Every structure is written in C-alpha cells, then in structure tokens.
There are 2 protein chains.
Amino acid sequence: MIGLDHEQQAARAAFEGLRDRICATFEAIEREAGSDAAFDYAAWEREPAGGGGGVRGLMKGRVFEKVGVNVSTVGGAFAPEFAKSIHGAAEDPNFFATGISLVAHMANPHVPAVHMNCRFLCTTKRWFGGGADLNPPLPRADDSEAFHARFKAACDAHDPAYYPRYRAWADDYFWIPHRQVHRGVGGIFFDHLEGDFMTNFAFVQDVGAAFLDIFPAIVRARMDMPWTDADRAAMLAFRGRYAEFNLVYDRGTLFGLKTGGNIDAILMSLPPLATWE
Amino acid sequence: MIGLDHEQQAARAAFEGLRDRICATFEAIEREAGSDAAFDYAAWEREPAGGGGGVRGLMKGRVFEKVGVNVSTVGGAFAPEFAKSIHGAAEDPNFFATGISLVAHMANPHVPAVHMNCRFLCTTKRWFGGGADLNPPLPRADDSEAFHARFKAACDAHDPAYYPRYRAWADDYFWIPHRQVHRGVGGIFFDHLEGDFMTNFAFVQDVGAAFLDIFPAIVRARMDMPWTDADRAAMLAFRGRYAEFNLVYDRGTLFGLKTGGNIDAILMSLPPLATWE
C-alpha cells in the first residue's frame with residue numbers, strides 16, 4: 001500500500017509498536033508460568049491488491065488460553081450504499097484505516113478476559129477511536145477498580161470530561177440486550193475523536209500505554225490462583241455470552257463479516273471453548 | 001390463551017403430539033445406550049399475560065449431548081413497524097402462531113446434529129412453514145442420501161414440485177456467507193404454504209413423520225461407532241460454525257432475541273460446547 005501521509009504513517013507505526021510491546025509482555029508472562037508459548041504471525045492482504053492488509057498474531061499458551069492481536073492498515077473506497085453511513089464518506093467514498101485490535105481469553109477463570117482496540121480513520125474527516133473493556137468470568141471489585149482507575153488516569157491527563165463520557169459509552173456499547181446484562185465490567189469506548197492530530201494521537205497512545213500497564217499487572221496477580229471445576233464451568237458459560245455479544249451485536253464483527261473482511265482476523269475474538277448449557 | 005379456532009387447535013395438538021412421540025423415541029434411544037436420561041420440561045408464558053406461551057423440553061444424555069424440543073402457541077399484535085414485514089399483517093397486526101422447534105447436538109461426532117421446525121401462522125393470511133436439515137460434523141454420503149430420500153418421499157406424496165423447491169430453499173437458507181459454506185448437508189425448508197388447510201396440514205404432519213422415521217434410524221446406525229479425539233475436535237469446531245450461523249444469520253433467532261422472546265427457548269439451539277481455534 002502506497003501513499004500514506006505523515007499522520008497515517010505515524011499512527012500505523014504507533015500501533016505496530018504497541019503490538020510489539022504487548023506481545024513481548026504477554027510472552028514474558030508465559031515464560032514466568034513455565035511455558036515457551038509465543039505468538040504466531042500471519043500476514044493477510046486485502047482484496048483487491050493494493051488495498052493494504054494486516055498481520056494477525058495468535059498465541060495459545062498456559063496463561064493465555066487464546067490471545068489474538070491484529071494490526072491492519074487498509075484503504076480503498078466504500079460501497080456507495082455503505083459510504084452514507086460512515087462519518088465523512090457520503091460525498092467521497094475513499095477511506096484509509098489503520099488500527100490495532102486485541103482479545104485475550106485466559107486459562108484461569110480468576111484472570112479476566114480483555115479486549116482493546118485503537119484505530120485512526122480517514123475519509124473527508126480524520127479521527128481516532130478505540131477503547132478497552134475487562135471481562136472477568138468471576139468478577140472481583142479490586143481488579144475492576146484498578147482497571148478503571150488506570151484508564152481514568154490516562155483520560156484525566158488529557159481532558160477531565162473524557163473518562164465519565166467514555167466509561168458511559170462503554171457501558172452503553174458492551175450491553176447484551178437479550179440477557180439484560182453487560183458483557184463484562186466495562187472500561188472506556190470512544191470514537192470520532194477529531195481535531196488536532198497530535199493532541200488526539202497523544203491520547204490514543206496513552207490509552208495503549210494504560211492497557212499495557214494495567215492488564216499484565218492483573219494477569220500476574222491472578223494467574224496462580226487455584227480454581228475449581230465449577231469456576232471453569234462458569235468461565236465457559238460466560239464465554240458463551242461473550243460470543244453472543246460479538247456475533248449478534250458487535251458492529252466491528254458484523255461489518256467485517258458482511259463486507260468480506262479477513263475471517264480469521266475478525267473472528268479471532270471468539271473464545272477458544274464456550275458452552276451453552 | 002383463549003379463543004383458538006378449530007384449525008389452530010388442530011395444528012397445536014398435532015405439534016404437541018409430534019413432540020411427545022419424538023421425545024419418547026429419543027428417550028428410548030438413551031435407554032438403548034444404557035442411560036436413563038429424560039427430558040426436563042419447563043413451561044413459560046409470553047408477556048403480557050394472555051399472550052400464550054410454550055414448553056421447553058431439554059435432555060442431556062449419553063447419545064444426545066444436548067437436545068431441545070420447544071412447542072409454543074402464542075398470540076397478540078405485532079409492533080406496527082414490524083407488522084409491515086410480516087405476510088398479511090400490514091393492515092392488521094394481530095397474529096397467532098403455534099409451532100414445534102427441535103435442535104439436537106450429539107455426543108458422538110459420527111452422529112449428525114439435526115434441526116427440525118414446523119409452524120402454523122395466522123395473520124389476515126394463514127400458512128404453514130417448516131423444514132429440517134442435517135448437520136453432520138463428519139459427513140457421510142449414505143446418511144445424507146437417506147435423510148434427503150425420506151423427505152423427498154414425504155414431499156413427493158403431496159406434490160412433485162415440493163422437494164426440488166424446498167431442498168433448494170434449504171440450500172439457500174442454511175448458508176454461511178462469511179465462510180462460503182453450508183452449515184450442514186441441507187434438507188428442506190418451506191414457508192407461506194397457504195391454501196386449503198387440510199391439504200397443507202397433512203403435508204406438514206408428514207414432514208414431522210418423516211423426521212421421526214429417518215433421524216432416529218441414522219442415530220441408531222451411528223451411535224456406537226468409535227471416534228477419536230480428532231473427530232471430537234472436528235465436531236466442536238463444526239459447532240462453532242453452527243453457532244455463528246444461528247447468531248449472525250438465523251432469522252428466527254434474531255427475531256426472537258430482538259423482540260423480547262423467551263431467551264432459554266430461543267438459544268436452546270446453541271451447542272453445549274463449541275470451539276473457535
């Protein structure tokens with residue numbers, strides 16, 4: 001893919017760098033648990049040729065039962081009927097997008113699953129979006145509070161209005177209407193962050209840094225806790241709800257599935273094993 | 001629920017009778033396998049009171065890892081915006097529906113999973129719909145051919161045009177676009193079967209009889225076949241595809257989830273255990 005401008009190059013490099021640090025940290029956690037699990041990376045190209053592509057990283061370890069980290073940088077033109085629904089694309093369907101997306105399903109039911117995503121979109125508008133949410137099968141108030149506190153700190157350093165707004169947005173988004181429950185204990189969700197590139201880019205990088213700071217800390221605190229068959233069964237049922245959310249409601253998943261995206265990358269988010277009793 | 005007319009009463013009674021015969025046969029198969037598994041039945045009522053309800057039957061056995069059989073008889077008025085999309089409801093949103101729905105996920109990967117459904121709908125129009133499809137994790141041509149042959153015989157006894165039409169309809173319907181595969185090896189699917197009640201009612205009862213004839217025969221022929229860990233793993237991955245179809249595409253599932261249906265009855269179709277590698 002050719003012709004990225006300076007902002008697009010900077011965003012892509014930041015997301016790839018974040019991916020590298022996250023994957024190195026997750027592999028280090030595996031080694032601490034006595035495993036030599038490592039990420040496998042598979043590159044994919046968007047059709048038609050020249051539309052960019054991405055790299056899907058996948059690790060199955062002792063602590064991380066299944067974790068996927070995707071980075072992708074793609075461009076092209078939205079289909080006319082679809083362009084109308086995208087910010088800034090109604091008058092011109094050309095777009096560029098670069099982003100990182102991560103979902104981790106953990107072996108130990110006491111370790112929360114997690115999702116994190118950051119993206120930079122360009123149509124006739126340019127904006128960042130992203131977020132992270134914690135999905136503990138067996139929720140603990142201290143983990144939930146630590147997760148939220150760390151993202152609140154990242155938000156507050158940029159704008160005191162961000163955390164309350166983005167936390168509420170996550171609560172709205174990660175909701176399973178047919179069960180009337182949230183899919184996890186929330187986090188932050190933001191989109192259409194327009195305006196000064198460097199200001200917003202700094203915020204998004206801090207969101208990534210917050211994730212890299214808090215999630216490994218929670219994993220290390222919980223990964224050696226003993227668990228029972230009942231804990232494991234509760235986790236598998238919890239994962240069924242997670243799959244329901246992603247397949248029925250998640251806009252990114254449905255957008256990908258219905259527009260011919262890379263299936264392996266899109267469905268990387270689904271749990272390795274799930275139950276419906 | 002009060003005020004069923006003779007046709008509605010007859011359809012309901014036929015579906016409940018079919019349920020009774022199917023459940024007795026499935027329990028007999030469990031006993032042949034040395035298990036005393038039996039169906040648990042849970043009644044539910046549609047809100048608001050007076051809107052009817054149903055009975056969800058669920059069995060977890062040695063042969064049937066999870067099988068659900070729902071019968072429901074409900075009535076009321078569709079929401080105005082929804083009524084427009086329903087045959088015969090645009091001018092009058094009142095409706096009545098009675099039906100049976102069955103999904104079986106089997107313990108042995110050599111035994112196909114199966115789905116069967118029959119329903120009678122009344123708006124300002126009255127029609128039957130239904131179908132059945134076979135979902136073998138490890139497909140065998142002989143089972144697939146026997147299944148299709150039995151439904152072809154049921155169709156041909158009523159109208160030689162039925163089987164080719166309804167088989168093609170099933171192929172269209174049970175298709176997973178994002179994977180470009182069918183969810184199984186097909187069967188029949190039909191809807192909006194209007195006209196003479198007794199003629200169509202006889203056909204639908206024969207569809208139920210065909211199911212009761214062929215599926216237990218396939219189960220009994222395969223249930224004692226040895227299987228490997230790889231066979232079981234293939235089945236769990238196959239079930240992931242099944243869950244994807246039901247949660248992303250199945251109209252009945254999405255209609256139920258998004259209109260406040262009985263969650264346990266709607267999601268009974270989901271597999272007991274599934275994997276996404």
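Nothing here was measured: the structure is a model prediction, and the numbers come from that model.
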Fill in: Region of B/P177 in contact with chain A, defined by heavy-atom distances below 4.5 Å
neither

Worksheet item: Who are the ring-ring contact (aromatic ring centres under 6.0 Å, His included) partners of A/F15, not counting sequence neighbours?
Response: none

Discussion item. In the structure I gave you, are the side-chain heavy atoms of A/V248 and B/V248 within less than 4.5 Å of one another anywhere?
Written reply: no

At a 3.5 Å cut-off, give me the donor-acceptor pairs between chain B and chain A, one pair per line with the distance.
unit_1: B/K60; atom_1: NZ; unit_2: A/E277; atom_2: OE1; d: 2.7
unit_1: B/K66; atom_1: NZ; unit_2: A/W276; atom_2: O; d: 2.8
unit_1: B/P271; atom_1: O; unit_2: A/W276; atom_2: N; d: 3.4
unit_1: B/P272; atom_1: O; unit_2: A/W276; atom_2: N; d: 3.2
unit_1: B/A274; atom_1: N; unit_2: A/A274; atom_2: O; d: 2.9
unit_1: B/A274; atom_1: O; unit_2: A/A274; atom_2: N; d: 2.9
unit_1: B/W276; atom_1: N; unit_2: A/P271; atom_2: O; d: 3.4
unit_1: B/W276; atom_1: N; unit_2: A/P272; atom_2: O; d: 3.2
unit_1: B/W276; atom_1: O; unit_2: A/K66; atom_2: NZ; d: 2.8
unit_1: B/E277; atom_1: OE1; unit_2: A/K60; atom_2: NZ; d: 2.7

Practice prompt. With sequence neighbours excluded, tell me which residues meet ring-ring contact (aromatic ring centres under 6.0 Å, His included) with B/F211.
Written response: B/F215

Discussion item. Per the ring-ring contact (aromatic ring centres under 6.0 Å, His included) rule, what does the pair list look like for residues 47-68 of chain A, sequence neighbours excluded?
Written reply: A/F26-A/F64

